[in-house]
Asks: 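Sending over a structure as structure tokens; questions will come in a sec.
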Amino acid sequence: MEKTYRPQDIETQWYQTWEEQGYFKPANNPDADPYCITIPPPNVTGSLHMGHGFQEAIMDGLIRYHRMKGNNTLWQVGTDHAGIATQMVVERLLEADGISRHDLGREKFIEKVWEWKHQSGGTITQQLRRLGASPDWSRERFTMDDGFSSAVQEAFIRLYNDDLIYRGTRLVNWDPKLHTAISDLEVISEEENGFLWHFKYPLTDDSGHLIVATTRPETMLGDTAVAVHPDDERYQHLIGKTITLPLANREIPIIADDYVDREFGTGCVKITPAHDFNDYDMGQRHDLPLINLFNDDAQMNTQAPERYQGMDRFEARKLIVADLDELGLLDKIDDHKLKVPRGDRSGVVIEPYLTDQWYVKTAPMAEKAIAAVEDGSIEFVPKQYENMYFSWMRDIQDWCISRQLWWGHRIPAWYDDQGNVYVGPSEQDVREKHDLGDINLKQDNDVLDTWFSSGLWTFGTLGWPNTDNNPNITELLKTFHPTNVLVTGFDIIFFWVARMIMMTLYFMNEVPFKTVYVHGLVRDSHGQKMSKSKGNVLDPIDLIDGIDLESLVKKRTAGLMRPKDAAKIEKQTRKEFAEGIEPYGTDALRYTYYSLASTGRDINFDVGRIEGFRNFCNKIWNAARYVLMNTEEHDCGQDGSQDYELSLADRWIISRLQHTENAVAEAIGNYRFDLASQAIYEFIWNEYCGWYLELSKPVLWDENASPALQKGTRRTLIRVLEATLRMAHPLIPFITEEIWQQVNTLAGVEGDTIMLQPYPEADQNLIDESATADIEWLKSVIIGIRNIRGEMNISPAKPLPVYLTNGSHEDQTRLNANRQFLAKLAHLETITWLNQGEEAPMSATALVGDMEILVPMAGLIDKDAELARLNKEVEKIQKEYQQVQGKLSNEKFVSKAPEEVVAKERTKMSDLETTLKKLALQQQSIRQL
RNA sequence: AGGACUAUAGCUCAGUUGGUUAGAGCACCUGCAUGACAUGCAGGGGGUCCUCAGUUCAAAUCUGAGUAGUCCUACCA
């Protein structure tokens, strides 16, 4: 093995082998419990970001864990066509050549999108491979592949036939830039600074005017009423009268409706049913006409007075305000903060707009979806997200699923010239079914919301709806559906999770998954959202492969929305990554994700931590080198014979391994990858490397040691390493495979890959508390001596004489059993056991229980330095002593606290007392020097 | 307006059922080329557990109020 761990040397190579060998496929074992995760399909044209990285790491950890546990494990993979997002990308590319999609026409444009998909659609899946993800690539799906498309069509048709899809003319959220309707969820409302315009509306009978307040003056041309609160005394006398709408010169009624908030503005509201959701409702209640003022671009149409026709809505606004001012009807303009609805993709202000769209009737589906979570069929982790889910589900609105786009699943509906609609899988089919002959039919132009198809993801990918004529597919669904876990971000609980639950319950009559693991957002180390404009984006691939400073600066400053941010971003990047980013490798990246994966909070990604975990990998690497050096070409006792003997240290590390295996299993069971990673880290670095490897040296390097003992140590070294590799494999797949290949035979294990080895499980019989106690004693003695050495600045190269005094019989037994370990690890020249009455030289002292460890001061230790060290120690213990004493002198504590708690404090107090006495004696004798 | 979450070392985070000397990694200080590893080893310093009040013999932990931050839902013409 190379002296230094270099991830790039091993990672891609192992991945290729795994994939080629088909290790990612489900085990061909129908008796094994199935375990299945479907990937949240990334946008096919997207590229990997830190959020994906995190999510994939969690899924792959779970998948590899269960695969090793022996489950029949399927990770279903695939990508999403992502309607609007993808269409926009391709449109932008065409735009660069001066072409619009309309120049090309629908078919040609769609061809272009497919071209683009074939070209760049592999990026994300290749990047998933870099992360070590182990899905079954042979089953990769795309939401617009033939099979899935027919699933989408089938779903639409069934819902339509069951009266759960309908077409209606209603107000929708209209994106005037993208020329499509969007759902409520795709509208982002944020507070912006605006104005509240107050206009005078003259009463028709010339008896005066009333004043309305509005944030959208341009819609006044479409007003069809003015509303006041029925109990508002100020306006009682006006109810039933009319005003003459300025500029439009229409007579409109003054109506009463308790929706009106008397406190807001003037208490008079202009009602524009065609351009505001609340006004629409009120229009319905009062039977008001709808006057639609806009065209698709949100320009004034011919319903507006000629003067304004063809104007953009915001131009029209200016002119209307000016005109009203001219007429003396502008009362005042107040500054006003308001929520402005914008399209999540286009960023432009969304218009409530009257159009024909397709809707899913969600209320009946939501009922079951709520019940499934209430009765525990589906569980959210962490649980608090269930409330979020319930509150949305209980107030769910019908879902607008038609989009005026070209890229997506076209709605399987045809219209005849009379506008009758026929829904079916194909034109031919609806002709036959409805006996239409050869009349003119035209297919609906719209496509379906991307999330409509995503809603079918868990079962559509497993072959639905073709279950009748293909038994294999039935088998797949039967085996792997419902899936076990959905790993996803909280941001798409409504977009996706909720809808998936509704759709799956409807079509499959079962839940899509049993658990929803919800993770937070991956942010930068200061908790800032990663964004191009902030220049704080980290690319997971850069963390794996490394990147030099200049390339990083270039990458971060290229293609900015506001080019003037470049200077700031460059400066900040040069400061933070003066040396660029080192190649940390996939394993280190994954470990960093795991260590931050406590549930219920966002993840602040700190580059400092990935370095630490790269070092951790290097630690494992070197530990393996040490083990191999000492076991290769030796008999490691794997032949089944019993001619080996386990040392105390051997029994201890085996015992610790069992504890760790328990802790890891528990942590993963609770989706606490942070705890799992910590337990593994702790075990490998501190226990296995820090103590056990050191404890193995005195045995292996002692020519006089018994061969049986040496064999036992070799056997333990290699077997614990091998088990540890398996334990860590789901988190750090590459380094564990690489090393495992070299240690497996020595450890008496056969197999082609660690991936398919059994996951280690704790054996309670191997937990050895007495070995643990003995090693703890040994560690305390060593640490006591090291402390003196460290604090007194005694060179580690200097072998020390040490005396032990006032020890118990047990101490003496332990000493005799561990002399060699002690001498080696504390670097001692001599160890002398003093019986009662035997004189010790003047020494620095450390205490282990009642036993005193003495390091003679002569020539090594300065009197004042030792006094200072002792003082520090005394102060620390005194503080503790006071605490305990305080508790015990509190009568209530003694009488009310459980007995064992009190007893514990009593023991502690007496221990502290003796310690203090001893330290005081020590101080006294040193002072007398 | 309603709701959720977060606040622990300089930084990023753990802290299970109330009883721990409140921990880890990084950073910091001191020493060390010891035959796996300087991507290392040994030792050390560093905390008003956001604030206040309450429950309790006992609160980082439970309850309430407040402060700060993050986010979600609804909506104010």
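So that the names make sense, note that chain A is the first sequence line, chain B the second, and so on, each numbered from 1.
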Asks: Nearest to the side chain of A:V901, which nucleotide is it out of B:G44, B:G19, B:C72?
Replies: B:G19
Asks: For B:G66 and B:C29, measure between their P atoms and round to the nearest Å.
Replies: 45 Å
Asks: So, A:S595 versus A:Y681: side-chain donor-acceptor pair below 3.5 Å or not?
Replies: no
Asks: Whether the side chain of A:D524 engages the backbone of A:G527 through a donor-acceptor N/O pair (distance < 3.5 Å, no angle test) should be reported.
Replies: yes
Asks: For the P atoms, the ones on B:U16 and on B:C62, what distance do you get once it is rounded to whole angstrom?
Replies: 8 Å
Asks: Determine the contact category for A:P382: base if any of its heavy atoms lies under 4.0 Å from a base atom, sugar-phosphate if only primed atoms, P, OP1 or OP2 are that close, otherwise nothing.
Replies: nothing
Asks: If you look at every strand shown and take non-hydrogen atoms under 4.0 Å, does A:S525 touch a base, only sugar-phosphate, or nothing?
Replies: sugar-phosphate
Asks: Flag the pair A:N787 / A:R869 as yes when at least one side-chain heavy-atom distance between them is below 4.5 Å, and no otherwise.
Replies: yes
Asks: Expressed as a whole number of Å, how far does the P atom of B:U39 sit from that of B:C26?
Replies: 13 Å
Asks: Please state whether the base of B:U6 and the side chain of A:R601 form at least one donor-acceptor pair under 3.5 Å?
Replies: no
Asks: Using a cut-off of 4.0 Å on non-hydrogen atoms, how would the nucleic acid contact of A:C689 be classed: base, sugar-phosphate, or nothing?
Replies: base
Asks: Among B:G19, B:A77, B:A36, which nucleotide has an atom closest to any side-chain atom of A:K904?
Replies: B:G19
Asks: Heavy atoms from C-beta onward define the side chain here; which of B:C57, B:C11, B:U21 lies closest to that of A:D606?
Replies: B:C11
Asks: Could you go through the side-chain hydrogen bond (donor to acceptor under 3.5 Å, both in side chains) check for A:Y692 and A:E687 one step at a time?
Replies: CA-CA 6 Å; A:Y692 181 67; A:E687 300 190 311; over 6 Å; no
Asks: Please determine whether side-chain hydrogen bond (donor to acceptor under 3.5 Å, both in side chains) holds for the pair A:Y259 and A:N278, giving the CA-CA distance in whole Å, both sets of side-chain angles, and the decisive distance to 0.1 Å.
Replies: CA-CA 9 Å; A:Y259 158 77; A:N278 291 310; 3.3 Å; yes
Asks: Evaluate A:N604 against A:H526 for side-chain hydrogen bond (donor to acceptor under 3.5 Å, both in side chains), listing each step before the verdict.
Replies: CA-CA 7 Å; A:N604 294 353; A:H526 308 295; over 6 Å; no
Asks: Checking all strands, does A:R523 fall into the base, sugar-phosphate, or nothing category for heavy-atom contacts under 4.0 angstrom?
Replies: sugar-phosphate
Asks: Compare the minimum distances between each of B:G40, B:G25, B:A36 and the side chain of A:N615, then state the nucleotide with the smallest one.
Replies: B:G40
Asks: Would you check if the distance from the ring center of A:F380 to the ring center of A:Y385 is below 6.0 Å?
Replies: no
Asks: Output yes when at least one side-chain N/O atom of A:K3 is less than 4.0 Å from OP1 or OP2 of B:A38, else no.
Replies: yes
Asks: Over all strands shown, is A:K908 touching base, sugar-phosphate only, or nothing at heavy-atom distances under 4.0 angstrom?
Replies: sugar-phosphate
Asks: NA contact type, A:H198, heavy-atom cut-off 4.0 Å: base, sugar-phosphate, or nothing?
Replies: nothing
Asks: What stems, by residue range, does RNA chain B take part in, given at least 3 consecutive Watson-Crick or G-U pairs under 3.5 Å?
Replies: B:1-7 with B:67-73, B:10-13 with B:23-26, B:28-32 with B:40-44, B:50-54 with B:62-66
Asks: Nearest of B:G19, B:C75, B:A77 to any side-chain atom of A:K339?
Replies: B:C75
Asks: Within the 4.0 Å heavy-atom criterion, would you say A:K872 contacts the bases, only the backbone, or no part of the nucleic acid?
Replies: sugar-phosphate
Asks: Between A:Y584 and A:F613, is the gap from one ring center to the other below 6.0 Å?
Replies: no
Asks: Please measure how far the C1' atom in B:A1 lies from the corresponding atom in B:A9, and state the result in whole Å.
Replies: 39 Å
Asks: Rounded to whole angstrom, note down the C1' distance from B:U6 over to B:G15.
Replies: 16 Å
Asks: Between A:N890 and B:A58, is there a side-chain N or O to OP1/OP2 distance below 4.0 Å?
Replies: no
Asks: What contact category does A:F494 fall into here, base, sugar-phosphate, or nothing, at under 4.0 angstrom with non-hydrogen atoms?
Replies: sugar-phosphate
Asks: Need one value for A:T4: base, sugar-phosphate or nothing, where a base atom within 4.0 Å counts as base even if backbone is also close, heavy atoms only.
Replies: base
Asks: Of the candidate nucleotides B:C75, B:C5, B:C37, which contains the atom at the shortest distance from the side chain of A:N278?
Replies: B:C75
Asks: When you compare B:G31 with B:G45, how far apart are their C1' atoms, in angstrom units rounded to a whole number?
Replies: 15 Å
Asks: For A:K697, report the nucleic acid contact type (base, sugar-phosphate, nothing); a contact means any heavy atom under 4.0 Å.
Replies: base
Asks: Report the distance from atom CZ of A:F616 to atom P of B:C41, rounded to the nearest whole Å.
Replies: 12 Å
Asks: Over all strands shown, is A:D276 touching base, sugar-phosphate only, or nothing at heavy-atom distances under 4.0 angstrom?
Replies: nothing
Asks: Which of the following nucleotides, B:G31, B:A36, B:U12, is nearest to the side chain of A:N604?
Replies: B:U12
Asks: Using the P atom as the reference point in each nucleotide, state the distance between B:C37 and B:G44 in Å, no decimals.
Replies: 25 Å
Asks: Kindly state which residues belonging to residues 670-686 of chain A come within less than 4.0 angstrom of RNA chain B, counting heavy atoms of the residue only, listed by number.
Replies: A:R672, A:L675, A:Q678, A:Y681, A:W685
Asks: What about A:E694, does its side chain sit under 3.5 Å from the base of B:A36 through a donor-acceptor pair?
Replies: yes
Asks: Between A:H827 and B:C32, does any side-chain N or O lie under 4.0 Å from OP1 or OP2?
Replies: no
Asks: Between B:A36, B:A74, B:C72, which one does the side chain of A:W701 approach most closely?
Replies: B:A36
Asks: Check every atom of B:G43, B:C71, B:C13 against the side chain of A:R609 and return the nucleotide holding the closest atom.
Replies: B:C13
Asks: Any side-chain donor paired with an acceptor under 3.5 Å for A:S183 and A:E186?
Replies: yes
Asks: Categorize A:V260 for me: base, sugar-phosphate, or nothing, with a 4.0 angstrom heavy-atom threshold over every strand shown.
Replies: base
Asks: For A:R614, which contact category applies under a 4.0 Å heavy-atom criterion: base, sugar-phosphate, or nothing?
Replies: base
Asks: Could you measure between the two P atoms, the one in B:C5 and the one in B:G10, and give it in whole Å?
Replies: 27 Å
Asks: Would you indicate which nucleotide in B:G31, B:C76, B:C57 comes nearest to any side-chain atom of A:A897?
Replies: B:C57
Asks: Would you confirm whether A:N890, through its side chain, and A:K892, through its main-chain N or O, come within 3.5 Å as a donor-acceptor pair?
Replies: yes
